[in-house]
Amino acid sequence: MKLDKNKIQLSIGKNPSKSYYKLQILFKDHFPENLKTKFSLQTAAGIFTGDGGQVFTDESEKIIYLGLGESSKVKIRNVAQQFFTFGEKLKKWDGVGLEIHFPKLLTTALPADALVYQVVNSLEQGAYSINVLSKEYKENVKKIGAVSFVLQDAAKTKDAERGLKKGKVVSRYVNGTRYIAHLPANHFTPEEFVSRSKEIAKDNGLKITVFDEPQLKKEKMNGILSVCEGSDKKAKMILLEYSPAKPSTKKKLAIIGKGLTFDSGGISIKPAQDMHEMKYDMCGAAAAIHAIGAIAELGLGVPVIAAIGVAENMPDAAALKPGDVYTAHNGLTVEVQNTDAEGRLVLGDVLSYVGKKFKPDYMLDLATLTGAIIISLGHEAAGVMSNSETLTELLKAASETSDERIWEMPLWDEYAEDLKSDIADLRNVAGRAGGSLSAAKYLERFVDPGIAWAHIDIAGAAWRKKSSGTQIGNGPTGYGVRLLVDFAEKLGKKK
Ligand code: BES
Ligand code: ZN
Ligand code: ZN
């Protein structure tokens, strides 16, 4: 069969599909007359009117009709959300594919590249199962049928292809992040973090440096070292460097990630309920190494360093104790009043090391740092605290296009008042009030003030127990990869 000129192929599944559903998008305000009777006759659950989220399947003709509401109000986020569920359906269809028709009205209302990018991403995320250690998972992976797009407006094909290419690359790294995030701590150890980083480095020609205990000791990175004292797994710092063949900007970006493969709280041990969720305490580091992979594979023009601090926080005879004082990489002494506030000890050292060694123009850290950010923002957005308005604006722009929500929170000096210690330069906790903000103020003490820096608390955004709001699916979200890719894209355009 000859392909339409405006039919672009997306192989989301492993098998070229023998059969497929045609997916037809319908708007409420442009509902075809001839379909009106058809739907009123056939829809048992009510009349199909093209309202947002309505789905009607004509099994005899193998056509699925999807309503997207009023064409003037259609948003990429809402379209993408629908396709997440179609991604989920692909898993059950046993090799049956999907041919998605985009009406002209849709690609007029929304930019085709961004639209296809997000649709591909949602399909791929929906089609990915998180039960990776089950038999069912292995069987399902093989079964997913192919997906293709047909654009009614052929003039948009080039844009759509660009979105498709980006979607295929980025979604692979998003799902890669979700994969390692969801692996339990006995499967994904600090050593495994090294292997995964090596894989990403090898695939993309990145420079990789791994700091084991001796190098960490030599560099006086006692924050990282203190955190892992109660664990039998040794701490690491892993650096990945991407130097574009043709840089498009002189700006240098550093991405830092918190990589606690498990956080029991240490001696300040967490309550048993939900402690298993602390295998997700490495989502910042997972996003950082996958984002640099995606940025490199897309060949973006901005030089990037990803640096992650990796450790396991456990209670043991050798563990760090409440009240202990250590000297951090930048020379500050820290009184550890609560060993569960360990992420900041790890990040402090990495921020200080990267700032000094690489002098980046922009430095972002991603961390599942505080439970308080979940209280503030739920699972809908990450909290952003920054010392630079320019950087915040750039992040907001990236958030808009990537569809990964951020919310700006204050970094006022008052939030640092309770970080005072009566024995050392500072203490690692400041009470419950404004917990995410005092955590950010703590990190700020390890950042060279000449560097534009933003702390992104992803404790809520990185995972969730159930679908919430516009976020579908449970478990790890891979949050951060899409945000960082768009941030790097925008930074690449800066002189
Ligand atoms: N990893 C946790 C933060 C967290 C909590 C992430 C819930 C995801 C879900 C972090 O290390 C932590 O325990 N923070 C403490 C800080 C407190 C002791 C000042 C917290 O948020 O309770
Ligand atoms: Zn903790
Ligand atoms: Zn933690």
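Start at 1 and go down the list; that is how both ligands and their atoms are numbered. Since we're looking at a predicted model, the values are computed, not measured.
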Close-range residues for ligand 1, whose non-hydrogen atoms fall below the 4.0 Å threshold: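 Ligand 1 pocket, heavy atoms under 4.0 Å: K258, D263, K270, M278, D281, N338, D340, E342, R344, T368, L369, T370, G371, I374, V429, A459, W463.
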
So that I can tick it off, tell me whether [Y] and [X] are bridged by a salt bridge, with the cut-off set at under 4.0 angstrom between side-chain N and carboxylate O.
X: E191; Y: K234; value: no
X: K465; Y: E277; value: yes
X: K166; Y: E489; value: yes
X: R445; Y: D425; value: no

Taking 2.8 Å as the cut-off, does K258 contribute an N, O or S atom near the Zn ion (ligand 3), distance below it? yes

Could you enumerate the protein N, O or S atoms under 2.8 Å from the Zn ion (ligand 2), written like residue then atom name? D263 OD2, D340 O, D340 OD1, E342 OE1

Would the Y179 and Y128 ring centres measure less than 6.0 Å apart?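 Centroid separation for Y179 and Y128: 6.0 Å or greater.
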
Ring-ring centroid check H379 W463, cutoff 6.0 Å: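 Yes; W463 has its ring centre under 6.0 Å from that of H379.
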
Under 3.5 Å donor-acceptor, R427 side chain and D422 backbone: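 No, R427 side chain to D422 backbone: no donor-acceptor pair under 3.5 Å.
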
Side-chain heavy atoms of D349 within contact of L225, under 4.5 Å: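 When only atoms from C-beta onward are counted, L225 and D349 do not touch, as no gap falls below 4.5 Å.
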
Could you check if a side-chain atom of K279 sits within less than 4.5 angstrom of a side-chain atom of T261, using non-hydrogen atoms only?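 Sidechains of T261 and K279: no contact.
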
Just checking, any donor-acceptor pair under 3.5 angstrom between side chains of T401 and K490? yes

